[in-house]
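Structure first, then comments.
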Protein chains: 2
Amino acid sequence: MENTFQIPNSVNPDIAIERKNASFDPEEMAIWYYGSKENLSMKRIIVKESCEDLGDPLLYEFLSYEDMASLGIKCAIDSTKKIRALQERFNPGGTEIYPARLGDNAINVLTPGGNPFTVHILMFTRALREQGTPEQYEKFGRRADNCEIIGTFAQTELGHGTYLKGLEARADYDRRTEEFVLNTPKLTSYKWWPGGLGQTCNYCIVVAQLYIDNEPKGIQMFVVQIRDEETHMPLPGVHVGEIGKKVGYNGVNHGFLGLKDYRVPRLNMLMRNQQVLADGTYVKSPVSQLSYYPMMFVRCMVARMCAEMLAQVATITTRFSVIRRQSPIDEGDAEPKILEHMTQQMKVIPEIATSIAYSLAAKNLRSLYDETSEAIMRQDFSRLPELHALACILKVSCSYDATYGIERLRQGCGGHGFLTAGNVGTIFSMASAACTYEGENSVLYLQVGKILMKAWADAMAGKQLMPTLMYIKECSSGAESFKWKGTWQCLVKAIQYACVGYIRVAFASFNSRLKQGLSQSVAVSKTGLELTKAAELHGRAYVAANFYQEVMHGRNKEQRSPQFQRVLENLLELYLLQIFFRHLGDILRFVHISEDDIASLQTRLEEVLKKLRPDAVAITDGFDFEDKVLSSALGCYDGNVYERLFQAALKHPLNKKPVADFYELHLKPFMRENAAKARANAKL
Amino acid sequence: MENTFQIPNSVNPDIAIERKNASFDPEEMAIWYYGSKENLSMKRIIVKESCEDLGDPLLYEFLSYEDMASLGIKCAIDSTKKIRALQERFNPGGTEIYPARLGDNAINVLTPGGNPFTVHILMFTRALREQGTPEQYEKFGRRADNCEIIGTFAQTELGHGTYLKGLEARADYDRRTEEFVLNTPKLTSYKWWPGGLGQTCNYCIVVAQLYIDNEPKGIQMFVVQIRDEETHMPLPGVHVGEIGKKVGYNGVNHGFLGLKDYRVPRLNMLMRNQQVLADGTYVKSPVSQLSYYPMMFVRCMVARMCAEMLAQVATITTRFSVIRRQSPIDEGDAEPKILEHMTQQMKVIPEIATSIAYSLAAKNLRSLYDETSEAIMRQDFSRLPELHALACILKVSCSYDATYGIERLRQGCGGHGFLTAGNVGTIFSMASAACTYEGENSVLYLQVGKILMKAWADAMAGKQLMPTLMYIKECSSGAESFKWKGTWQCLVKAIQYACVGYIRVAFASFNSRLKQGLSQSVAVSKTGLELTKAAELHGRAYVAANFYQEVMHGRNKEQRSPQFQRVLENLLELYLLQIFFRHLGDILRFVHISEDDIASLQTRLEEVLKKLRPDAVAITDGFDFEDKVLSSALGCYDGNVYERLFQAALKHPLNKKPVADFYELHLKPFMRENAAKARANAKL
């Protein structure tokens, strides 16, 4: 008996009816989500053309580890070529497709297991361009841009991460030969984690402590060739390899690197901002703030990525939730779509709203980044601190909320969410990794906490605050000035008051520690829990206020149809209520809201879920994620979930034979032996 | 240059000093944690002997999928033999080691990727024994117990899970031949998920809708042979296979099963409680409540398992946190152990306390299960509803909190938590799966919510409540009767008041829906969010009250040293404060606590973290998890974290050769081609 249950060519009526009943046109939302008709159509072209001859990502999962690595490289090369070709076709010489789009989630599917070229493209080439002199760019950067050499960015060490000053790799200047001598003196100083380092790269930028005459000069970047360009053999003095299996990203060739008395010419230190002259004179950078600037770009990117990953999984779970049926609501009824259950609505729809809130926040952050970059060109560094604060807090909020939201959504798919064919586990591992890389989230919380302490002191001293911190001043007069009105502005205000409440409490603790004679740093450390709380709420306050602003006063508001505007307002309502209840304790601690008012918000929450329920599928359609991009049997556009799961199962290597080899080898002898023993015992 | 960095035979001084400075003896805690000296020593013997010749679990990770499956079966057989031999040695004929211990987390490591025999041992044999007649046990059960045949429990279907009444597989009684004809009429009726079904089992129990003369008689269990005992070939009418790759448990051979007009004799229906007579007469079970009883056992087990998994990962992260150093607290200081940072303490130590709180609750639940089982033997079913309520809520609370706690702890290990060598990812996937299997958590919340509604109605009617629900009556008079005192009892009370507050609110919503004319079921569904909240808090209230009871009035309290008692009290303080702050909003919504009192609890939280900090390593030592059981480079007893990570990395298959095969195949041609293009462009 062998059924095959082929995937139908038709759309499952259970999802078709959802689209028919939607109150708005998802195409309008897609244009809005991608910023313009042109952006949307370019996105569609890129995905269509790059995914055209895509292999089956599920088959990759069953390969041996070495075959995975090999296919991983092949995919990385293919995708690089494809995206480069698109750039050449649409705008030769530009960068808005290649390399810009290579960081897109939509492109992830081209490189199952992750892209071993990502760090090359996003950080190695960028550092050569931005931190190197024009001559250095000519020597290394151009070849890197052309992918004649492949590099990575070797900063993190086995024993050192976010605290860069603690790095142990060192570069000693040898005046005699005009060279730097690089060493990773201990096991803990081995570079560890750089993507592509394991077996892909032949070059890298090593971040190391510069010493001149044994005097430390701070961390610097050095271009280091690690493998022979012809044979790819590691060069003498280089110990390089893979760091082992991981929870995810197993195609990235994350590597380790040890260096022993490895010499590079003086001009291999990237010298755009600071220099070591031939005689060993160290010339400091005039703009020290800029050394962290490249990281800010990556943090902006991470925030956007995480928002989109959450949207992807929300799409998968929403679509699954209108196909899956379970548990009659009334006795004797048929089993309804699980999205009819209010508990499932509460699991799914708020995550849709959250992903949109973060997507808007990340877009705004990116605008601030672009403005700041332009300002820096004019030697105006005034907006750097604000960009820093916002990039930190959004990176943290987006990655945390995406991680835990995706896990909840995965559970919202029941057991099937656990299947690789649903593709949620992979997206989860990517979001979860983002909580750690590019500035560990807890550490970034503390940095934001410190900025808030300074802002509070400034506010108290009557000084001007950065635009995104202005609310601190407005709410500083305390709970008496807060009047509950139940409007969206008021919900935003409630969160802002809670945040400012924590800032005030943290500032008091911090100050009393200073008065006890503790140093600034120790006082910050001891106030860590309250600073973290304040920072978390600052993130919420920003995202909520920005969502409100975009929905109610966004530049493109007048172009929206009333239908779509209504959907956006419902999403705003849901997002604000969700955040309100999530932080109820933080809010009630600092402002008064009556039990009746809280109860009426609960009713509003239930009502807005009900309003959004019929539009849930259409909203996720509005994200315009192609089936190939979602790569999920659970989240396919046509809703043929069960057929796809079944087809995916049939690809399992053990299903190729009716009896697995292990039967004769292990299982049969075991059962026979047990039977023989039982017979022997019976005879006794 | 090839360093090897062997693992030292000595203990890392950074962890040795922690043990030296601890305030109590971890051996005392271990005896307490395992219940007695005898239990502890038996656990040690079992782990020592069964792990003796254990292979390297990391190598398993790199095998091809088919080799993994084969090794998985071999490991399952070996571990079964080992544990059975231990049972024979210590108590022949008993069951307290085999099969009881096969569900222990400590044994997980014997079967990397999960155990394909688990369902055979825990559910198949159990159902034959408990749901079959003595004759049926003789025919099937004894052979299953001897592992002459291997079976599984085929209940869940591709389209149906927790709602059993919705199952589509059907068994029609054929009076003429005295047989049942089994069918899975649609794709969605395929059995899907049973462990071992894919390629391991030759038998299974199929749960199907019984029909006699096309009249439905409810779900029944049928013993079905699916593969030939000699050749292991699927029998005619049987479509069986693997369901595909998963987020975890990839060694379990989860399978699917389709049946087409498959006939089994009448006496293959398990008939202990209900029967189909030869003439087709259906004889109902006299005790319908008992049909869910086997599930309760598994839920008790899941609660304990999850508590222990959280303890395992808390151990790993705690040990890592005293080896890893980062970010000076005061400027100019050396980098401290990360556990000196208060934010890290807050990430790690509350999870230790939570795991202990849950472990105590799960033990209590198990006692209730055993008492109830004895009572049932005496035909006393009175405690079943309480057991049901408690098993549901603890299964949910333990699995949720373990899942999200483990993920936070994984992030607490920074990037290294992402390495498979740390073993946290695997434990996470197991905890996360437990949120779904054996009763999906959201569905169980609603069941508990319904029980709470009934309890509230009973309390209002002056009726007696079950012991674990008595507090509902005590707190029902509302906030006025609550006086804040700051004691532990008062903290427990605060949580109970919050729970009862939500019960009252939910009951009012539920009732007003009934008055609107909605049916009971619809009213429950529409009150889903509030019922979920009430259920969640009921779980908290139970665990908190039980933790308090065990620490302050536990039976063995007088045997404890004052030092260990102090540690337990600190853990209790931390647990209660943590729960308080986590549910601050829920508490403040229903009782009044002043801002000053809240601020003083924040101070207490910071103080108790400080008190527990020096004992953190010793407490996790007190869990007595052997290195082989933790199987984690990050959490090894000797603290040689970095050397172990390095050695683990060297096992990566790509590290076997200096240059990966993909270089010549893919990478070199790509770089050469790019260089050629660049030269060509330069000439233009």
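This structure is a prediction, so every number in the text was calculated from the model and none was measured. Below, read A as the first sequence line, B as the second, and so on, with proteins coming before strands; counting in each chain starts at 1.
Contact annotation for B/Arg142: neither backbone nor side-chain heavy atoms come within less than 4.5 Å of a heavy atom of chain A. Using a 4.5 Å cut-off between heavy atoms, B/Leu605 contacts chain A through its side chain alone, with no backbone atom that close. Using a 4.5 Å cut-off between heavy atoms, B/Tyr663 touches chain A through its side chain atoms alone. Only the side chain of B/Asn202 comes within contact range of chain A, with at least one heavy atom under 4.5 Å from a heavy atom of that chain. Of the atoms belonging to B/Thr162, heavy atoms from both backbone and side chain fall under 4.5 Å from chain A. Looking at B/Arg325, only its backbone comes within 4.5 Å of chain A, counting heavy atoms on both sides. At a 4.5 Å heavy-atom cutoff, the contact between A/Val443 and chain B is made by side-chain atoms alone. Looking at A/Asn250, there are no atoms closer than 4.5 Å to chain B (heavy atoms on both sides), in backbone or side chain. Both the backbone and the side chain of B/Ala675 have a heavy atom closer than 4.5 Å to some heavy atom of chain A. Only the side chain of B/Leu665 comes within less than 4.5 Å of a heavy atom in chain A; its backbone stays farther off. Neither the backbone nor the side chain of A/Arg143 comes within less than 4.5 Å of any heavy atom of chain B. Contacts between A/His652 and chain B at a heavy-atom distance below 4.5 Å involve the side chain alone, from C-beta outward. Using a 4.5 Å cut-off between heavy atoms, B/Thr426 does not touch chain A at all. With a 4.5 angstrom heavy-atom cutoff, A/Thr603 does not touch chain B via any of its atoms. The part of A/Glu440 that comes within reach of chain B is its side chain, from C-beta onward, which places non-hydrogen atoms under 4.5 angstrom from that chain. Contacts between B/Phe590 and chain A at a heavy-atom distance below 4.5 Å involve the side chain alone, from C-beta outward. Interface residue A/Leu446: only side-chain heavy atoms are found under 4.5 Å from chain B. For B/Pro234, the part sitting under 4.5 Å from any heavy atom of chain A is the side chain, from C-beta outward, and nothing else. The contact between A/Leu609 and chain B is made entirely by side chain atoms (from C-beta outward), counting heavy-atom distances below 4.5 Å. Heavy-atom distances place no part of B/Arg582 under 4.5 Å from chain A, backbone and side chain included. Contact of B/Lys245 with chain A is made through backbone and side chain together, with heavy-atom distances under 4.5 Å. When heavy atoms are compared at a cutoff of 4.5 Å, A/Val424 does not approach chain B at all. Both the backbone and the side chain of B/Ser327 come within less than 4.5 Å of a heavy atom of chain A.
Interface check for chain A: of the options B/Gly422, B/Gly415, B/Gly166, the most heavy-atom pairs under 4.5 Å are formed by B/Gly415. Interface remark: of the candidates A/Met342, A/Met346, A/Glu335, A/Glu335 forms the most heavy-atom pairs closer than 4.5 Å to chain B. Contact count against chain A (heavy-atom pairs under 4.5 Å) is highest for B/Arg589 among B/Glu530, B/Lys74, B/Glu61, B/Arg589. Chain B forms the most heavy-atom pairs under 4.5 Å with one residue out of A/Gly528, A/Ser70, A/Gly425, A/Ala678, and that residue is A/Ser70. In terms of heavy-atom pairs under 4.5 angstrom with chain B, the leader among A/Phe662, A/Tyr249, A/Phe428 is A/Phe662. Looking only at heavy-atom pairs under 4.5 Å with chain B, the residue among A/Gly248, A/Ala599, A/Gly72 that has the most is A/Gly248. Contact tally against chain A (heavy-atom pairs below 4.5 Å) for B/Pro653, B/Cys147, B/Ser519, B/Ser509: the top residue is B/Cys147. Between chain A and the residues B/Ser525, B/Pro658, B/Ser64, B/Gly414, the most heavy-atom pairs under 4.5 angstrom are made by B/Pro658. Of the listed residues A/Glu66, A/Glu242, A/Met671, the one with more heavy-atom pairs under 4.5 angstrom with chain B than any other is A/Glu242. When each of B/Gln520, B/Lys677, B/Gln345, B/Arg227 is scored by its heavy-atom pairs under 4.5 Å with chain A, the top score falls to B/Arg227. In terms of heavy-atom pairs under 4.5 angstrom with chain B, the leader among A/Arg324, A/Gln602, A/His341 is A/Arg324. By number of non-hydrogen pairs under 4.5 angstrom with chain A, the leading residue of B/Asp330, B/Thr436, B/Asn441, B/Thr188 is B/Asp330.
Across every non-hydrogen atom of B/Pro328 and A/Tyr163, the tightest pair is CD-CZ, 3.1 Å. Between A/Ser521 and B/Glu331, the closest heavy-atom pair is OG-OE2, 3.4 Å. Taking every heavy atom of both residues into account, A/Gly241 and B/Asn655 meet most closely at CA-OD1, 3.3 Å.
The aromatic ring centres of B/Tyr190 and A/Phe5 sit less than 6.0 Å apart. Close placement of the B/Phe646 and A/Phe256 rings is indicated, their centers lying within 6.0 Å of each other.
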- Task: Please test A/Lys186 against B/Glu643 for salt bridge (Lys or Arg N to Asp or Glu O under 4.0 Å), starting from the C-alpha separation and ending with a verdict.
- Result: CA-CA 11 Å; A/Lys186 294 191 286 181; B/Glu643 292 84 355; over 6 Å; no
- Query: Do B/Val505 and A/Glu595 pass the side-chain contact (heavy atoms from CB on, under 4.5 Å) test, and can you show the C-alpha distance, the side-chain angles, and the key distance before you say yes or no?
  - Reply: CA-CA 10 Å; B/Val505 163; A/Glu595 171 57 21; 4.0 Å; yes
- Message: Is there a side-chain contact (heavy atoms from CB on, under 4.5 Å) between A/Tyr404 and B/Thr403? Walk through the geometry before answering.
- Response: CA-CA 10 Å; A/Tyr404 295 101; B/Thr403 301; over 6 Å; no
- Going through the distances and angles, do B/Lys246 and A/Thr420 end up as a side-chain hydrogen bond (donor to acceptor under 3.5 Å, both in side chains)? CA-CA 5 Å; B/Lys246 293 142 289 180; A/Thr420 305; over 6 Å; no
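Formation of a donor-acceptor pair under 3.5 Å by the A/Asn146 side chain with backbone atoms of B/Asn674 is not found in this model. In this structure, the side chain of B/His416 engages the main chain of A/Leu158 through a donor-acceptor pair within 3.5 Å.
With contacts defined as side-chain heavy-atom distances shorter than 4.5 Å, the pair A/Ser442/B/Gln344 does not qualify. Between A/Thr231 and B/Val659 the shortest side-chain heavy-atom distance does not fall below 4.5 Å.
Under the 4.0 Å criterion applied to side-chain N and carboxylate O atoms, A/Lys668 and B/Glu230 are assigned as salt-bridge partners. Salt bridge status for A/Lys526 with B/Glu606: absent, with no side-chain N to carboxylate O gap under 4.0 Å.
With sequence neighbours excluded, the residues that form a side chain to side chain contact (heavy atoms under 4.5 Å, CB included) with B/Lys81 are A/Phe670, A/Glu673, B/Ile77. Residues satisfying the side-chain hydrogen bond (donor to acceptor under 3.5 Å, both in side chains) test with B/Lys657, not counting sequence neighbours, are B/Asp661.
Under a cut-off of 6.0 angstrom, the local environment of NZ in B/Lys165 is sparse, with at most 12 non-hydrogen atoms contributed by other residues, nucleotides or ligands.
Ring geometry for A/Phe62 against B/Tyr65 counts as perpendicular: the plane angle is over 60°, on a 0 to 90° scale with 30° as the lower cut.
Of the N and O atoms on the side chains of A/Ser432 and B/Glu407, at least one donor lies less than 3.5 Å from an acceptor on the other residue.
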